[in-house]
Amino acid sequence: MITNAAALSIALGGGVLAAVYLLKPTRWSPIVWPARDRIGRDVVIKAVSGSIPTKELRALRLLHSDDLRDDPRNHTIPVLDYLEFNGQVFAVMPRQGWNAAIWADFATVGEVVRYGQAFFEAIAFLHEHYIAHGDTIGQNFVMDVMVPKPKEFGVLYAGVRGPERKYAFIDFETATLPVLSSDSSSSDKPSHQTYSPAPEFAIASKHEVARLARNLEFHLRCIEDVVPDLGTLLELMKDCDSPDQPTAAAALSRYEEICNLLSTDDMHREVEAIWWEEDRIKYRDSPPLHISDC
């Protein structure tokens, strides 16, 4: 395993990107390097597999196949290229400011609604194709903007969650993946291949719906005063043992049904709360701090 920037720089010297200028490994992971290619694009290079394809590599290749790549519900960071060296595979992704999705404040109801919509869509899309992410915790929810990391609880900047904001899931190391159907295993063309759910998918998908609700409710419940039916949906999603737990697709449908009732004024209404946890709301001490005012 290559574990330092110098070795990786040498390894990539004659590769696809030819002139990749590596900086240093990121503090949060020894297998992720920020870099710049020969035409000046900022990218991230991540070690995703050894000689035996890992779940993450298989998931990325499936999600970026011709059949799935351009689906608007596919909320994953694009893979620009794969580099192979010495039995290892590296994914090259755009370094366009992807950052933790919870590191910015929600100023309006509409910002919370769009945030929820993206991740409801993402899970419904994955499950439609028999993929369970497997690790839907907060640090794997990202957005395409860099903001200062909060120094203390509740000190967050607002003004970066407009309609143009993109959200995505990262890190598919523990994903549950579909199996190639026997009637298509002889085809080398993805468009001619069909998949079936893995035996463990049914349980994994139920637990994933519950985890999604637990992660989203920290912010979605902050707008229950405007959208009261969200609480009922989240409670149903969290109960894996209930026959009434919705699938990811049904949860998305219900979420859209609830949110489509909101008026323009509702969507522009300021969010009075900043956090929800264990049935308690933390309200703001002051108006949202917009980054443009700093």
Side-chain angles (χ1 to χ4, degrees), residues 72-73 75 77 96-125 136-170 212-235 237-238 248 251-294:
R73 302 168 300 157
H75 295 286
I77 297 177
Q96 57 188 58
W98 292 98
N99 208 341
I102 60 172
W103 283 2
D105 197 0
F106 293 87
T108 67
V109 170
E111 292 178 358
V112 180
V113 168
R114 289 189 294 270
Y115 166 78
Q117 175 77 25
F119 290 109
F120 270 94
E121 280 185 353
I123 291 296
F125 173 78
T136 48
I137 58 176
Q139 68 190 44
N140 291 332
F141 292 58
V142 298
M143 58 183 178
D144 64 339
V145 62
M146 295 293 290
V147 293
K149 184 176 180 179
K151 293 182 178 180
E152 57 183 290
F153 180 78
V155 181
L156 301 169
Y157 292 104
V160 298
R161 294 187 185 272
E164 77 286 352
R165 189 85 297 119
K166 294 180 181 179
Y167 295 97
F169 277 122
I170 59 171
L212 179 69
R214 293 190 185 100
N215 278 281
L216 290 180
E217 70 179 345
F218 295 123
H219 295 105
L220 292 188
R221 286 189 181 273
C222 290
I223 61 172
E224 274 193 276
D225 57 328
V226 183
V227 200
D229 289 341
L230 279 180
T232 302
L233 172 60
L234 292 167
E235 289 302 318
M237 291 172 66
K238 290 191 294 183
L252 169 62
S253 178
R254 178 57 180 150
Y255 182 80
E256 292 178 331
E257 181 182 358
I258 293 170
C259 294
N260 284 342
L261 297 175
L262 295 172
S263 67
T264 301
D265 286 344
D266 289 332
M267 293 288 279
H268 287 103
R269 182 170 168 177
E270 187 174 293
V271 180
E272 297 179 359
I274 196 169
W275 190 258
W276 177 97
E277 190 169 13
E278 296 180 354
D279 296 324
R280 294 194 301 176
I281 287 282
K282 177 178 173 57
Y283 289 96
R284 306 180 177 280
D285 297 324
S286 58
L289 179 62
H290 284 259
I291 199 165
S292 60
D293 297 332
C294 299

More than 12 heavy atoms of other residues, nucleotides or ligands under 6.0 Å from CG of Asn260: yes or no?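 More than 12 heavy atoms, drawn from other residues, nucleotides or ligands, come within 6.0 Å of this atom.
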Give the C-alpha distance, both sets of side-chain angles, the deciding distance and a yes or no for side chain to side chain contact (heavy atoms under 4.5 Å, CB included) between Arg214 and Leu234. CA-CA 8 Å; Arg214 293 190 185 100; Leu234 292 167; over 6 Å; no
Between Glu121 and Arg114, does at least one N-O distance fall below 4.0 Å, as a salt bridge requires?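 Here Glu121 does not pair with Arg114 in a salt bridge, since their nearest N and O are not under 4.0 Å apart.
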About how many Å separate [atom2] of [Y] and [atom1] of [X], when rounded to the nearest 0.5 Å?
X      : Y      : atom1 : atom2 : value
Ile274 : Ile281 : CD1   : CD1   : 11.0 Å
Thr108 : His268 : OG1   : NE2   : 7.0 Å
Arg280 : Arg221 : CZ    : CZ    : 15.0 Å
Leu156 : Leu289 : CG    : CG    : 9.5 Å
Lys282 : Glu272 : NZ    : CD    : 14.5 Å
Glu217 : Glu235 : CD    : CD    : 6.5 Å

Plane angle bin for Tyr115 and Phe141 - parallel if under 30°, tilted between 30 and 60°, otherwise perpendicular: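 The arrangement is tilted - the two ring planes meet at 30° to 60°.
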Contact between [X] and [Y] at the side-chain level, heavy atoms closer than 4.5 Å - yes or no?
X      : Y      : answer
Val145 : Lys166 : no
His219 : Ile102 : yes
Ile223 : Arg269 : no
Trp98  : Ile77  : yes
Phe169 : Ile123 : yes

Side chain to side chain contact (heavy atoms under 4.5 Å, CB included) partner of Met237, the single match among Leu212, Leu216, Thr232: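 Going through Leu212, Leu216, Thr232 one by one, the side chain to side chain contact (heavy atoms under 4.5 Å, CB included) with Met237 is satisfied by Leu212 alone.
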What verdict does the side chain to side chain contact (heavy atoms under 4.5 Å, CB included) test give for Glu111 and Val271, after you've listed the backbone C-alpha separation in whole Å, the side-chain angles of each residue and the deciding distance to 0.1 Å? CA-CA 9 Å; Glu111 292 178 358; Val271 180; over 6 Å; no
Quick one: ring-ring contact (aromatic ring centres under 6.0 Å, His included) partners of Phe120, sequence neighbours excluded?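 By the ring-ring contact (aromatic ring centres under 6.0 Å, His included) rule, Phe120 matches Tyr255.
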Shortest non-hydrogen contact from [X] to [Y]?
X      : Y      : result
Asn215 : Gly138 : OD1-N, 3.3 Å
Leu230 : Leu220 : CD1-O, 3.8 Å
Cys222 : Asp225 : O-OD1, 3.6 Å
Ala100 : Met143 : O-CE, 3.6 Å
Arg284 : Ala273 : NH2-O, 4.0 Å
Val160 : Arg165 : O-NH1, 2.6 Å

Set out, in order, the CA-CA distance, both residues' side-chain angles and the distance that settles side chain to side chain contact (heavy atoms under 4.5 Å, CB included) for His75 and Phe119, then state yes or no. CA-CA 8 Å; His75 295 286; Phe119 290 109; 6.0 Å; no
Short side-chain to backbone donor-acceptor contact, Arg161 and Ala104, under 3.5 Å: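 Such a contact is found between Arg161 side chain and Ala104 backbone.
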Tell me yes or no: between the side chains of Asp266 and Ser263, is some donor less than 3.5 Å from an acceptor?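 Present: a donor and an acceptor within the cut-off.
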